[in-house]
Protein chains: 2
Amino acid sequence: MGRSEKKLLHGTLDTLVLKTLSHGERHGYAIARWIEQETDEAILVEEGSLYPALYRLEKKDLLQSRWGVSELDRRAKFYALTDRGRQALDESTAEWLRFSDAVRSILAPGS
Amino acid sequence: MGRSEKKLLHGTLDTLVLKTLSHGERHGYAIARWIEQETDEAILVEEGSLYPALYRLEKKDLLQSRWGVSELDRRAKFYALTDRGRQALDESTAEWLRFSDAVRSILAPGS
DNA sequence: ATGCGGTACCTAGACTGTCAAGGTATACGG
DNA sequence: CCGTATACCTTGACAGTCTAGGTACCGCAT
């Protein structure tokens, strides 16, 4: 499952990544695994989506990175929110909830 | 407003259109206006997104169309759900709710 | 020793759906 | 008669995801 949600993720992954990092610094691979775990595998984060997203967010100055060592002693790139990232998270979270309420109001009226 | 939800709509418009038609036959223009109204303009349906979507859905045999005359006596193309469309609506609604619950569980934990 | 699966990163190219911006035509009100 | 609204359509740019490939290292079982 989670196989055909491909298009739905569009534009949402960035927000999910930002949110994940709001709990503290994490490396890329761990971000993906955390999102999957937290959603019971309902959302699968492909590496071909993840790394471009991280690059994108860092270029927009919403994240900063540093090379370090993972829990399993492997080289890993750790990402952390910047101040602008924290702000962007608030905005895009609000935006997503607004959007999702709108969709819900059509798909599941009366709930 | 509703201006930056662009990417979020990705993959959701089809479902919204199907759902709109589940209330009965409607022409394209009316579908768009209905979605906008129903969501308090939170979702704006651009014609450049709508018509390709209708074409797409009809090609997939989820909709059928006929030319007719609108409430305002203008030529208009009316769309109706097919059986497969009704089925697709059920599936994609369930899929969207699943997805949106997953996102919510990350963005708004404890709610 | 060798191979496999997991960790961890990266990238190129295809694909898909949205949008902006153009266009056509008709009807109605001022 | 001119602007606005209704109603349809299309082209091209763009953005984000996915598939499928790759690198490198580690531990474990064969």
Side-chain angles (χ1 to χ4, degrees), chain A residues 2-18 25-37 43-60 62-63 65-79 92 95-96 99 103, chain B residues 2-18 25-37 43-60 62-63 65-79 92 95-96 99 103:
Chain A
R3 290 300 58 219
S4 40
E5 274 94 2
K6 301 175 195 268
K7 297 151 199 161
L8 297 183
L9 195 53
H10 237 269
T12 304
L13 180 58
D14 290 27
T15 308
L16 294 178
V17 167
L18 291 174
E25 199 188 44
R26 258 183 189 75
H27 58 82
Y29 195 80
I31 295 172
R33 296 296 81 77
W34 188 82
I35 293 175
E36 295 181 348
Q37 218 176 292
I43 295 176
L44 298 183
V45 181
E46 305 294 337
E47 308 203 346
S49 313
L50 174 70
Y51 293 112
L54 290 171
Y55 177 76
R56 210 157 57 222
L57 293 168
E58 187 171 16
K59 208 178 61 173
K60 284 202 267 179
L62 305 182
L63 300 183
S65 66
R66 65 165 186 90
W67 282 99
V69 174
S70 79
E71 317 76 48
L72 297 170
D73 274 325
R74 288 207 182 70
R75 133 188 186 287
K77 206 190 222 169
F78 287 80
Y79 290 89
S92 68
E95 181 183 315
W96 194 86
F99 172 76
V103 175
Chain B
R3 292 298 59 222
S4 41
E5 274 94 4
K6 303 175 195 266
K7 297 152 201 160
L8 298 183
L9 195 53
H10 236 272
T12 305
L13 180 58
D14 290 25
T15 308
L16 295 178
V17 167
L18 292 175
E25 199 189 45
R26 261 183 188 74
H27 57 81
Y29 195 79
I31 295 172
R33 296 295 81 75
W34 187 82
I35 293 175
E36 295 181 348
Q37 218 175 292
I43 295 176
L44 299 183
V45 180
E46 307 295 337
E47 308 203 347
S49 312
L50 175 69
Y51 293 113
L54 289 171
Y55 177 77
R56 209 157 57 221
L57 292 168
E58 188 171 15
K59 209 179 60 173
K60 284 202 268 180
L62 304 182
L63 300 183
S65 66
R66 64 164 187 91
W67 282 99
V69 174
S70 77
E71 316 76 50
L72 297 170
D73 275 327
R74 287 206 182 73
R75 134 187 184 286
K77 206 190 222 168
F78 287 79
Y79 291 89
S92 68
E95 180 182 317
W96 194 87
F99 172 76
V103 175

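So that the names make sense, note that chain A is the first sequence line, chain B the second, and so on, each numbered from 1.
Put simply, K7(A) has a side-chain N or O that comes within less than 4.0 Å of OP1 or OP2 on dG17(C). Put simply, S70(A) has no side-chain N or O that comes within less than 4.0 Å of OP1 or OP2 on dT7(C).
Counting any heavy atom pair closer than 4.0 Å across all strands shown, G28(A) reaches sugar-phosphate atoms only and no base atom.
You'll find the side chain of L9(B) reaches within 4.5 Å of the side chain of F99(A), heavy atoms only.
Listed nucleotides: dC9(D), dA20(C), dT6(D). Nearest to the side chain of Y29(B): dT6(D). Side chain of L9(B), nearest nucleotide from dC19(C), dT17(D), dC8(D): dC19(C). Looking at the side chain of W67(A), the nearest of the listed nucleotides dC10(C), dG16(D), dA7(D) is dC10(C).
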Exercise. Before giving the answer on side-chain contact (heavy atoms from CB on, under 4.5 Å), spell out for E95(A) and T15(A) the whole-Å C-alpha distance, their side-chain angles and the decisive distance to 0.1 Å.
Key: CA-CA 10 Å; E95(A) 181 183 315; T15(A) 308; over 6 Å; no
Practice problem: May I have the step-by-step check of side-chain contact (heavy atoms from CB on, under 4.5 Å) for L54(B) and I31(B), ending in yes or no? | Solution: CA-CA 10 Å; L54(B) 289 171; I31(B) 295 172; 4.0 Å; yes
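Residue L54(A) is the one, among D14(B) and L54(A), whose nearest nucleotide of DNA chain C lies closer to the 5' end (criterion: closest heavy atom). Nearest-nucleotide positions on DNA chain C for A53(B) and Y51(A) put Y51(A) closer to the 5' end. With DNA chain D read from its 5' end, the first of the two nearest nucleotides for R56(A) and A30(B) is the one closest to A30(B).
Contacts classified as side chain to side chain donor-acceptor pair (under 3.5 Å) and involving residues 68-78 of chain B (residues at least two apart or in different chains) are given here: H27(B)-E71(B).
When the options L62(A), L63(A), L57(A) are evaluated for a side-chain contact (heavy atoms from CB on, under 4.5 Å) with D14(A), the one that passes is L57(A).
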Quiz item: Using a cut-off of 4.0 Å between protein heavy atoms and nucleotide atoms, how would you tag nucleotides 22-30 of chain C 5' to 3' with B, S and -?
Solution: ----BB---
